[in-house]
Amino acid sequence: MDFAELTTSPLDIGSIARRVVPPECGATVTLDGYVRRFTKGRETLYLEYEAYEAMALKEMEKLIEQAKAEFEIANVGIVHRTGKLEIGESSVVISVASPHRKAAFAACEWLIRELKRTVPIWKKEVYADGEHWVEGDAATATTMGNETNE
Amino acid sequence: MDFAELTTSPLDIGSIARRVVPPECGATVTLDGYVRRFTKGRETLYLEYEAYEAMALKEMEKLIEQAKAEFEIANVGIVHRTGKLEIGESSVVISVASPHRKAAFAACEWLIRELKRTVPIWKKEVYADGEHWVEGDAATATTMGNETNE
Amino acid sequence: MKLQVLFFGATASISGKRSFQVETDEGMHVCAVFERILIEHPSLTAHKLLFSVNQQYATGEEIVREGDELAIFTAVSGG
Amino acid sequence: MKLQVLFFGATASISGKRSFQVETDEGMHVCAVFERILIEHPSLTAHKLLFSVNQQYATGEEIVREGDELAIFTAVSGG
């Protein structure tokens, strides 16, 4: 089965990977993104993720649809965590099952790249002496009048 | 940290993925292979994996070394289960952490392909009416006098 | 005619607002509405901004309708 | 001179053996030892076989030494 979810609870990679398993596939490929301690040499105390929830879910569902049209894959699960995350905790898990491994690797890689580009979720880094809302790579973002989000 | 292990216990993908995480990386890519119910239309009751343990560990360690020479990755963990496995249980988990996602995807894909080709582990499929030791793809196997295992 | 406008993350933090209403005329293009909002919040224009209408990325060509939900936010940084 | 020989999976199942010893002469190439073992176990030759010496895939050119561990197995099927 496919799923796109937001949650404020810790992510369990194993159970997410397991939910995408169909009986005809023998493997899943899973991307696990997590909070690193250092960003550009600066120490992060913790992160906060905020989502435009209704739109984020729609965009994640679109990505799943596009991935299933583009790659020969069976099932996709995407779960993104929101709220406060400690160092080392998983922020996002994307799991893809496919009859042939190659497609699962390609789809999973495509999905995380597109998620970072299009899904309306933002990360705030909190340091000992301040905080900063991280802004995405402008060059790859979808902007008004620039219909890359078909 | 890197690790290559054999175990008769159930594999916990999440904890394997977590063990490869270094502080400077923000993502891991994990391949999870598991027992499917049907192989070529025939129903499997359960599987048994047997390893030439000492050699399998050496070959897995070689793969980790080669992957770290070939790809820009930080850490690799490979755990293969042996003994009796029920349908849906994980047989192998390969987890790769790298500073850049692309290298982790490429390395993980390379590692599972090479593991299936070179690591001395065999799978027996048990059916209602018999059993069968699966033999690997001869075309890609390493044979005597044919030094593909550098 | 009233429209709902949402800010998130950096845009909410900079403006001190998360949600408010704007009055518009019938038949306006959303790009004109967004321009009007930015005039009220000039500090946002220093950022790379994205725009949505009813939870879809906006082209700017849409004609606003009563009850539409608009949002303005910085380039996304999830994952 | 005695060498240890191991079978696994299909080769163990076909031969009914997992482990046994063979007598060889000093200075033999491992390929000659493997040939001799296969003559004793002709049913194995219907399979695609792999060979190892001391837990390394064999080239066949190795010279056997006392205490070497040889193994014969079918193409691997792990993963």
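Here the structure is a predicted model, which means the values were calculated and not measured. Proteins come first, then strands; the chains are lettered A, B, ... in the order of their sequence lines, and each starts at number 1.
- Considering every non-hydrogen atom in both B:Tyr34 and A:Pro22, the closest pair reads OH-CD, 4.2 Å.
- Between A:Arg101 and B:Glu109, none of the side-chain N atoms (NZ, or NE/NH1/NH2) sits under 4.0 Å from a carboxylate O, so this pair counts as no salt bridge.
- Counting heavy-atom pairs closer than 4.5 Å to chain B, the top-ranked of the candidates A:Val21, A:Val29, A:Thr30 is A:Thr30.
- Counting only heavy atoms from C-beta outward, the side chains of A:Asp32 and B:Arg18 approach each other to under 4.5 Å.
- Contact annotation for residues 77-85 of chain A against chain B (heavy-atom separation below 4.5 Å): no residues qualify.
- A 6.0 Å sphere centred on CD of A:Glu86 holds more than 12 heavy atoms belonging to other residues, nucleotides or ligands.
- Under the rule for a side chain to side chain donor-acceptor pair (under 3.5 Å), A:Tyr46 has no partner lying at least two apart in sequence or in another chain.
- Here OG of B:Ser15 is found 9.0 Å from CD1 of A:Ile13. Values are rounded to the nearest 0.5 Å.
- Interface remark: A:Asp12 contributes no atoms to any contact with chain B (heavy atom separation under 4.5 Å).
- At a 4.5 Å heavy-atom cutoff, the contact between B:Arg113 and chain A is made by backbone and side-chain atoms alike.
- Of the listed residues (B:Gly88, B:Gly26, B:Gly14), the one with the most heavy-atom contacts under 4.5 Å to chain A is B:Gly26.
- Contact annotation for A:Ser90: both backbone and side-chain heavy atoms come within less than 4.5 Å of a heavy atom of chain B.
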